[in-house]
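Encoded as structure tokens, the structure appears first; notes follow it.
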Protein chains: 2
Amino acid sequence: MDIKSAILQLSSIAQEARLKIFRLLVQAGQEGLPAGNIGETLQIPASTLSFHLKELSHAGLINSRQVSRFIYYSANYDAMNGLLAYLTENCCAGAKDCAPSPTCKPK
Amino acid sequence: MDIKSAILQLSSIAQEARLKIFRLLVQAGQEGLPAGNIGETLQIPASTLSFHLKELSHAGLINSRQVSRFIYYSANYDAMNGLLAYLTENCCAGAKDCAPSPTCKPK
DNA sequence: TCTATATTTCCATAAATATAGAAATATAGT
DNA sequence: ACTATATTTCTATATTTATGGAAATATAGA
């Protein structure tokens, strides 16, 4: 994971509508939800929703698959875990020994 | 941690200059670094740097303290850990059992 | 108080992002 | 082929965010 990808992924969830979408998809499990369902639940117009889904897809945080006329979107857990791992490693947070001591040094 | 705060913090690191600043401060340890030092290291003009530092401060991800003529900025590890905890809990990532199984359900 | 250094604020501008209606596209049932 | 439904793309507009020079502010040494 490089810094560009990390920023792309962070940007994609650093927005209220998208964070809510992602959260909803996480809750929905790997089966995911059709776009229309997401829009209805979160009260987001179709074109706006499509824009946000594209952002999340582009960042790799969600996947999609077509099921008849519906397009199911689902959370990409691996990608999210990768992002958290990047932040934990690169930004040191999460490491207890990193907080107050100088133990945490440049990698 | 509410969604607004999470987004404020995510937005503040979802930007190349700011993610680099935060990373640098994490590496610097709790002593932190004076603004000028950060700007020189990352090649960022003073006014631009000040803008980014304000964003990070506003989000609560960094702290500052004045030491004579210098203002030292340092990473707020607790805030970052809080953000990661929020993402882990709310967005499920990080939980192994969340990945492929339907074990992970709405909280 | 004068001067040097550190940093911020002000300001204008540029660039990126978000919103949503309307039209286009895709899929499937009749 | 026609119709209904689902979603996306197109388009315009509004809003937010980023950039950096110039001026202002703050601190401290001579």
Side-chain angles (χ1 to χ4, degrees), chain A residues 3-25 28 31-76, chain B residues 3-25 28 31-76:
Chain A
I3 193 167
K4 302 281 186 192
S5 311
I7 285 164
L8 185 64
Q9 298 191 334
L10 285 169
S11 299
S12 81
I13 51 169
Q15 207 275 351
E16 188 160 349
R18 289 196 296 265
L19 186 51
K20 285 180 177 171
I21 291 168
F22 186 79
R23 201 167 50 173
L24 185 64
L25 292 178
E31 187 185 1
L33 293 171
N37 192 320
I38 300 171
E40 195 181 23
T41 302
L42 301 180
Q43 289 294 309
I44 300 171
S47 62
T48 301
L49 176 65
S50 193
F51 167 78
H52 289 309
L53 289 172
K54 194 164 65 173
E55 293 286 302
L56 286 164
S57 291
H58 183 226
L61 284 175
I62 64 175
N63 299 124
S64 64
R65 67 183 201 286
Q66 181 128 18
V67 177
S68 105
R69 268 181 306 185
F70 304 86
I71 295 179
Y72 276 72
Y73 284 91
S74 55
N76 182 341
Chain B
I3 193 168
K4 302 282 185 191
S5 311
I7 285 163
L8 185 63
Q9 298 191 333
L10 284 169
S11 299
S12 81
I13 51 168
Q15 206 275 353
E16 188 161 348
R18 289 196 295 266
L19 186 51
K20 285 180 177 171
I21 291 168
F22 187 78
R23 200 167 51 172
L24 185 63
L25 291 179
E31 186 185 4
L33 292 172
N37 191 320
I38 300 170
E40 194 181 24
T41 302
L42 301 179
Q43 289 294 308
I44 300 171
S47 61
T48 300
L49 176 65
S50 193
F51 167 79
H52 290 309
L53 289 172
K54 194 164 65 175
E55 293 286 303
L56 287 164
S57 290
H58 183 226
L61 284 175
I62 63 175
N63 299 124
S64 64
R65 67 181 201 287
Q66 181 128 16
V67 177
S68 104
R69 270 179 306 185
F70 304 87
I71 296 180
Y72 276 72
Y73 285 91
S74 55
N76 182 341

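Chain A is the first sequence line, chain B the second, and so forth, proteins listed ahead of strands; every chain is numbered from 1. Being a predicted model, the structure only gives us computed values, none of them experimental.
Atom-to-atom, CG of A:L49 to P of C:dT19 comes out at 11 Å; the value is rounded to the nearest Å. The distance between atom CD of A:E16 and atom C1' of C:dT19, rounded to the nearest whole Å, is 14 Å. The separation between A:L8 atom CG and C:dA16 atom P is 14 Å, rounded to whole Å. The nearest whole Å value for the distance from the CG atom in B:L33 to the C1' atom in C:dA6 is 15 Å. The OH atom of A:Y72 sits 14 Å away from the P atom of D:dT8 (whole-angstrom rounding). Atom CG in B:L53 sits about 13 Å away from atom C1' in C:dA6, given to the nearest Å. At whole-Å resolution of the value, CZ in A:F51 and P in C:dG21 are 16 Å apart. Here the P atom of nucleotide D:dA6 and the NZ atom of A:K54 are 21 Å apart, to the nearest Å.
Under 4.0 angstrom from either OP1 or OP2 of C:dT17 there lies no side-chain N or O belonging to B:Q15. The phosphate of C:dT19 has OP1 or OP2 within less than 4.0 Å of a side-chain N or O from A:H52. A close approach under 4.0 Å does occur between a side-chain nitrogen or oxygen of A:S50 and OP1 or OP2 of D:dT8. Residue A:R18 places no side-chain N or O under 4.0 Å from the OP1 or OP2 atom of C:dT17.
One finds the CG atom of B:L8 at 12.0 Å from the CD atom of A:E16 (value rounded to the nearest 0.5 Å). To the nearest 0.5 Å, the span separating CG on B:L25 from CG on B:N76 amounts to 11.0 Å. One distance of note links CD1 of B:I71 with CG of B:N37; it measures 14.0 Å at 0.5 Å rounding.
Put simply, the side chain of A:S12 gets close to the backbone of A:Q9: a donor and an acceptor are under 3.5 Å apart.
Proximity note for B:S47 (side chain, C-beta onward) versus D:dG20, C:dT19, C:dT7: the nearest is D:dG20. The side chain of B:T48 lies closest to D:dG20, out of D:dC10, D:dG20, D:dT7. Among the nucleotides C:dA18, D:dA18, C:dT7, the one closest to the side chain of B:E55 is D:dA18. Ranking C:dT8, D:dA18, D:dT7 by closeness to the A:A35 side chain, first place goes to D:dT7. Checking C:dT7, D:dT19, C:dA28 against every side-chain atom of A:R69, the shortest atom distance belongs to C:dA28. With distances taken from any side-chain atom of A:F70 to the nucleotides D:dG20, D:dT7, C:dA20, the minimum falls on D:dT7. Taking the side chain of A:Q66 as heavy atoms from C-beta on, and the options C:dT27, D:dA18, C:dA18, the nearest nucleotide is C:dT27. Of the candidates C:dA28, D:dT19, D:dT7, the closest approach to any side-chain atom of A:S68 belongs to C:dA28.
With a 3.5 Å ceiling on both atom-pair distances, the Watson-Crick or G-U wobble partner of C:dT1 is D:dA30. The nucleotide C:dA18 finds its pairing partner in D:dT13, both defining distances of the Watson-Crick or G-U wobble pair being shorter than 3.5 Å.
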Which is it for B:L53 and B:I38 under the side chain to side chain contact (heavy atoms under 4.5 Å, CB included) test, yes or no, and what are the steps along the way? CA-CA 10 Å; B:L53 289 172; B:I38 300 170; 4.3 Å; yes
Applying side chain to side chain contact (heavy atoms under 4.5 Å, CB included), run through A:R18 and A:F51 and close with a yes or a no. CA-CA 10 Å; A:R18 289 196 296 265; A:F51 167 78; 4.0 Å; yes
